[in-house]
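Working notes for the structure below.
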Amino acid sequence: MRSNLSDYVPVVGEGVVTELRLLGERLAGKRVLNVNSTRMGGGVAEILNRLVPLLRELGINARWEVIRGNEDFFVLTKNLHNALHGTPVNFTPRDRQIFDQVTDANLDSIDLDADIRFIHDPQPAGLIKARNGSNGHWMWRCHIDVSAPAPGAWEFIAPMVERYDLSVFSAPQFARTMNLPQVLIAPSIDPLSDKNRELSQSEIEAVLTRLGIHNDKPIVTQVSRFDRLKDPVGVIKAWRMARGRYDCQLILAGGSATDDPEGAAVLKEVRELAGDDPDVHVLDLPPDANVEINAIQRASTVVLQKSQKEGFGLTVSEALWKRRPVIASGVGRIPLQITHKYSGILTHTIEGAAFWIKQLLGAPDFARKLGENGHNHVRENFLLTRHMRDYMLAFLFVADGQGSVIRI
Ligand code: UDP
């Protein structure tokens with residue numbers, strides 16, 4: 001079910017939606033092309049899926065294209081992603097060739113005609129080759145933390161990135177010094193999407209039954225792609241330590257994005273470690289399992305996000321929006337989503353996560369308060385409407401091209 005902007009009024013208030021309509025008037029008819037590397041799976045696709053139809057409702061001629069690549073390309077870009085996060089990788093001339101070949105193929109197949117091209121993350125960054133001076137504006141959106149890359153990683157993308165008019169980062173600490181204007185825009189969740197909308201108890205129960213999960217003991221959950229940086233193995237270890245004290249079950253719900261070739265290997269490792277323990281539910285969900293994820297998050301007593309690296313953890317905001325107490329690693333942007341012991345818990349170790357699982361299972365009132373505070377923080381800062389407003393301001397900024405002022 002698609003929501004209209006007016007459906008957001010009960011959630012965010014009339015004023016917020018009116019402001020969006022006013023900004024939309026300033027951009028009416030502008031052709032805004034978004035390009036990323038996967039239509040399903042992961043946070044970027046999640047946001048574009050909602051954002052593009054709403055921008056269109058405002059009269060902006062928004063489109064969304066996805067680059068195509070072969071396996072070599074996605075292995076390379078996954079390595080690049082890890083290296084931008086700091087994992088050492090040795091890039092060879094052959095890697096550059098693979099990247100350029102796929103970029104060129106996409107330059108031939110994607111219609112890049114637009115007033116503003118909004119290119120997301122490193123994979124499609126090379127499309128900037130199509131720039132020839134005056135043909136519209138180019139924005140590069142970086143969703144990951146590139147503040148401490150491994151040697152060679154930033155250098156791999158810098159010659160492309162530096163040709164854009166504007167770069168957009170999720171947080172000041174993710175950004176880099178560059179010769180182009182930068183703006184800071186946090187991602188968001190959509191409170192009306194199937195992933196986040198209210199569900200009735202019977203809808204939640206129906207999903208659990210379908211997934212073979214009995215709601216007869218507390219549920220500890222992590223929802224994340226099966227990716228080493230999400231540390232699913234650490235989650236199992238922490239849960240095992242905690243269950244010695246409180247009988248509880250564990251759900252590891254994930255899937256893999258089409259641009260992530262490592263997913264299957266990580267899932268295999270996780271399954272092996274989980275063994276045949278009936279209290280561990282490892283769920284390999286299809287990319288459109290939004291209601292399932294919603295129900296799992298709502299049914300959870302405690303939600304974990306034990307990432308070793310993270311950009312902005314959308315799953316953290318999703319769980320907080322559902323008023324769940326969240327225990328998360330204090331990495332990436334997560335400390336701006338959670339204030340320790342106020343709107344969630346920040347930890348850095350498996351032992352720390354285990355300790356806090358026990359604490360929260362043993363103190364439901366405190367856990368409820370964390371969830372309530374977390375929900376309010378998301379309402380104020382991390383909903384889609386705020387995100388749309390920021391993007392539209394950035395579009396106005398590049399479209400105008402006049403110094404550092406946004407003219408409205
Ligand atoms: N997600 C999903 N299915 C899965 C795993 C994750 O739909 O099997 C969603 C999750 O609910 C969230 C997004 O994918 O909306 C993940 O965003 P996040 O920022 O947490 O991590 P990323 O995958 O972008 O690193």
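One-based numbering, in listed order, for ligands and for the atoms of each. From a predicted model like this one, the values you see are computed outputs, not experimental measurements. Note that these values count all heavy atoms, side chains included, but never hydrogens, waters or copies made by symmetry.
- The residue Gln305 has no part lying near ligand 1, judged by heavy-atom distances below 4.0 Å.
- Ligand 1 has at least one atom lying under 4.0 Å from a heavy atom of Lys230.
- Salt bridge Asp279/Lys217: present, at least one basic N to carboxylate O contact under 4.0 Å.
- A salt bridge is absent between Lys309 and Asp145; no separation between the charged side-chain nitrogens and carboxylate oxygens falls under 4.0 Å.
- Within the listing of ligand 1, atoms 5 (C) sit less than 4.0 angstrom from a heavy atom of Ser224.
- Of the N or O atoms in Leu285, none lie within a sub-3.5 Å distance of an N or O in ligand 1.
- For the pair Asn290 and ligand 1, the shortest N or O to N or O distance does not fall below 3.5 Å.
- Lys30 pairs by the side-chain hydrogen bond (donor to acceptor under 3.5 Å, both in side chains) definition with nothing, not counting sequence neighbours.
- Residue contacts with ligand 1: Ile293 is placed with no nitrogen or oxygen under 3.5 Å of a nitrogen or oxygen of the ligand (distance criterion only).
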Test Thr315 against Gln305 for side-chain hydrogen bond (donor to acceptor under 3.5 Å, both in side chains), laying out the working first. CA-CA 8 Å; Thr315 49; Gln305 190 58 51; 2.7 Å; yes
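- Classification of Arg131 and Asp165 as a salt-bridged pair holds, one side-chain N sitting under 4.0 Å from a carboxylate O.
- Ring pair Phe395/His137: centre-to-centre distance not below 6.0 Å.
- An N or O contact shorter than 3.5 Å links Phe312 to ligand 1 by distance.
- The residues Asp7 and Arg197 are annotated as not salt-bridged, no charged nitrogen and carboxylate oxygen being separated by less than 4.0 angstrom.
- Remark: ligand 1 and Arg225 share an N or O pair separated by less than 3.5 Å (distance only, no angle test).
- With ligand atoms numbered from 1 in the order given, ligand 1 contributes 10 (C), 11 (O), 12 (C), 20 (O) to contacts under 4.0 Å with heavy atoms of Thr315.
- A 6.0 Å sphere centred on NE2 of His340 holds more than 12 heavy atoms belonging to other residues, nucleotides or ligands.
- Considering backbone and side-chain atoms together, Val44 places no N or O closer than 3.5 Å to any N or O of ligand 1.
- Those atoms of ligand 1 with a heavy atom of Glu318 less than 4.0 angstrom away are 10 (C), 11 (O), 12 (C), 15 (O).
- Annotation for ligand 1: atoms under 4.0 Å from non-hydrogen atoms of Gly255 are 4 (C), 8 (O).
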